[in-house]
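Just below is one structure, and these are the notes that go with it.
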Amino acid sequence: MKKSAQIEGLPQVDEAVAGLGVEAVVSGGIGEAVGIRAGDVIEAINGESVRDPIDYRFHVAEEAVEVVLRRGKDVIVVDIEKDTDDDLGVTLAEMPIIKCNNKCVFCFLHQMPRKMRKTLYYQDDDYRLSFLHGAYVTLTNLSEAEFQRIVEQRLSPMYISVHATDPDLRGALLGRSEPVDVMERIDYLARHNIQMHAQVVLCPGVNDGQHLKRTVFDLAQWYPSVASVGIVPLGLTRYRQNLPRLDPVTPEVARTCLDHAAAWQRQLHRRFGVNFVYFGDEFYLMAGRRLPEAAHYDGFPLVENGVGMVRRFSDCFEAGVSGLESLNCRPVSMTMVTSVLGAGFIRPMAARLNRIPWMTAHVVEVKNRFLGEGITVSGLLTGQDMLHALETQLQETDVVILPPNCVSHHGLFLDDLTPNDLELALKRRVRIGTYDLAETAARVARGDTSPSGTVHDPAAPHPYIMSHQVA
């Protein structure tokens, strides 16, 4: 297998190199007691290289550990006796990220405008992030040693960007000049009991139809090692230039895909007891189809990838909305901001809220003028587009509620505006909603007054999307 990993800030390397920085030392902890300092670099534990927090956690779980530290030009060896479960009491620096060595024809980052913040252009293809956070990886840049590490350290599950099992087609989709076989890699991981979830980014006329059917049933051979296949639509922005021509997923395409998938799901459910293949929510919303019930998603293994997220959101609302009727509240109004696709399920929720005597709920639908109107999800809305829509559609309201996935963990929209910027421009309270709309409404009714604040903490863990995915 080829060795072509690339680490941010470093030249190309075969694999992540040893050396994990200590950012802080916990007062009263083992690390402080043995003299570890902030700024030290952990190079090895018990003779094994430490490249990242996974190595650290794997090797530190012993009663006796020998830690090799680098402090400037000095090398320090510390011997520690402790309980197996004890941590050293240190905060670790962020690990370098393995860059992607593909040029996928549908890559969203290749379709971004210039002069936005650097993190929005960063392409990772890091198997460690797949294990830690559920990021999808192609497995094209792993050395033999890294595959062995996945097995040895039980880095399971892995989330794999397959896109097509036909090697020629997969190579073309990944932007490579040669075929790229994924089945050999899946076979290796399956034989070593690593669980996998596969993803297909659907490109109409390229990897749909018979190609998609082949991909699904090729992967089904490896069930339960390959536990699921998630199919999501490609996104095309208005900045797509000098790239291969691709067609968008249209409502007709979405309906055709869902019709074909229904037969596959019935067949696979008879074999496995689960549907195995699942389509992203966008397919159902574009097709005008009713979202499947929760049981369809077999435990929601791919919810962080937008597969079943709307069903969870809707069910959570239905479970909580009746409790709002018993609240004794003053009259309150709120305006919920959403995307073109989101409006399809937010408007009925607003209608349900408006049946509560003290609640008035409005909906403002935002078209994505920044990236292009073909981008219809709320997570890719910019501050300036939301501001424009609110300035033209906003009615009298107590508070404006923004979708929770439109801000980063630092509280920034894609264009670096903030909720406070909107609040100042609109002269209205602006809040970031939660993934529980009934609870959001209850908090509004109770009078959330934190300055330019959020109904939820933007730094809190996202219930569906991992931190590295919302830079």
Donor-acceptor side-chain pairing of [X] and [Y] below 3.5 angstrom:
| X | Y | value |
| --- | --- | --- |
| Asn207 | Arg214 | no |
| Thr256 | Asp259 | no |
| Thr360 | Ser333 | no |
| Asn102 | Thr140 | yes |
| Glu373 | Asn368 | no |

Return the orientation label for the Tyr136 and Tyr159 ring planes: parallel under 30°, perpendicular over 60°, tilted otherwise.
->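 Aromatic pair Tyr136/Tyr159 classed perpendicular.
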
[X] to [Y] - nearest heavy-atom pair and separation:
| X | Y | value |
| --- | --- | --- |
| Ala445 | Cys329 | CB-SG, 3.7 Å |
| Leu417 | Gly383 | CD1-C, 3.8 Å |
| Leu394 | Val400 | CD1-CG2, 4.1 Å |
| Phe313 | Tyr435 | CD1-O, 3.4 Å |
| Val105 | Pro244 | CG1-CG, 3.8 Å |
| Gly171 | Val180 | CA-CG2, 3.7 Å |

Between NE2 of His260 and CD of Gln210, what distance do you get to the nearest 0.5 Å?
->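 One gets 8.0 Å once the value is rounded to the nearest 0.5 Å.
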
More than 12 heavy atoms of other residues, nucleotides or ligands under 6.0 Å from NE2 of His192: is that the case?
-> yes

Exceeds 12 heavy-atom contacts within 6.0 angstrom, atom CD of Gln221 =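 Yes.
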
Step by step, work out the salt bridge (charged side-chain N to carboxylate O under 4.0 Å, His left out) result for Asp281 and Arg311.
-> CA-CA 8 Å; Asp281 298 346; Arg311 169 50 60 199; over 6 Å; no

Do the two ring centres, one from Tyr188 and one from Phe147, sit under 6.0 Å apart?
-> yes

side-chain hydrogen bond (donor to acceptor under 3.5 Å, both in side chains) between Asp166 and His211, intermediate numbers included = CA-CA 8 Å; Asp166 177 272; His211 288 298; 5.6 Å; no

Lys/Arg-Asp/Glu bridge criterion (N-O < 4.0 Å) met for Arg245, Asp247 = yes

Any Lys/Arg nitrogen of Glu146 or Arg128 sitting under 4.0 Å from an Asp/Glu carboxylate oxygen of the other?
-> no

Cation-pi geometry met for Arg312 and Phe300 (6.0 Å, 45°) =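 Yes.
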
Can you pull the ring pair (Phe, Tyr, Trp, His ring centres under 6.0 Å) pairs that have at least one residue in residues 94-114, sequence neighbours excluded?
->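 Pairs touching residues 94-114 that pass the test: Phe106-His163.
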
Distance-only donor-acceptor hits, side chain of residues 343-358, under 3.5 Å, sequence neighbours excluded:
from   : atom 1 : to     : atom 2 : distance (Å)
Arg347 : NH2    : Glu365 : OE1    : 3.0
Arg352 : NH1    : Glu325 : OE2    : 3.2
Arg352 : NH2    : Glu325 : OE2    : 3.1
Asn354 : OD1    : Ala361 : N      : 2.6
Asn354 : ND2    : Ala350 : O      : 3.2
Asn354 : ND2    : Ala361 : O      : 3.0
Trp358 : NE1    : Leu324 : O      : 3.4
Trp358 : NE1    : Leu327 : O      : 3.4

Take Ser225 and Met196 through the test side chain to side chain contact (heavy atoms under 4.5 Å, CB included) and record every step on the way to the result.
-> CA-CA 6 Å; Ser225 294; Met196 292 160 276; 4.2 Å; yes

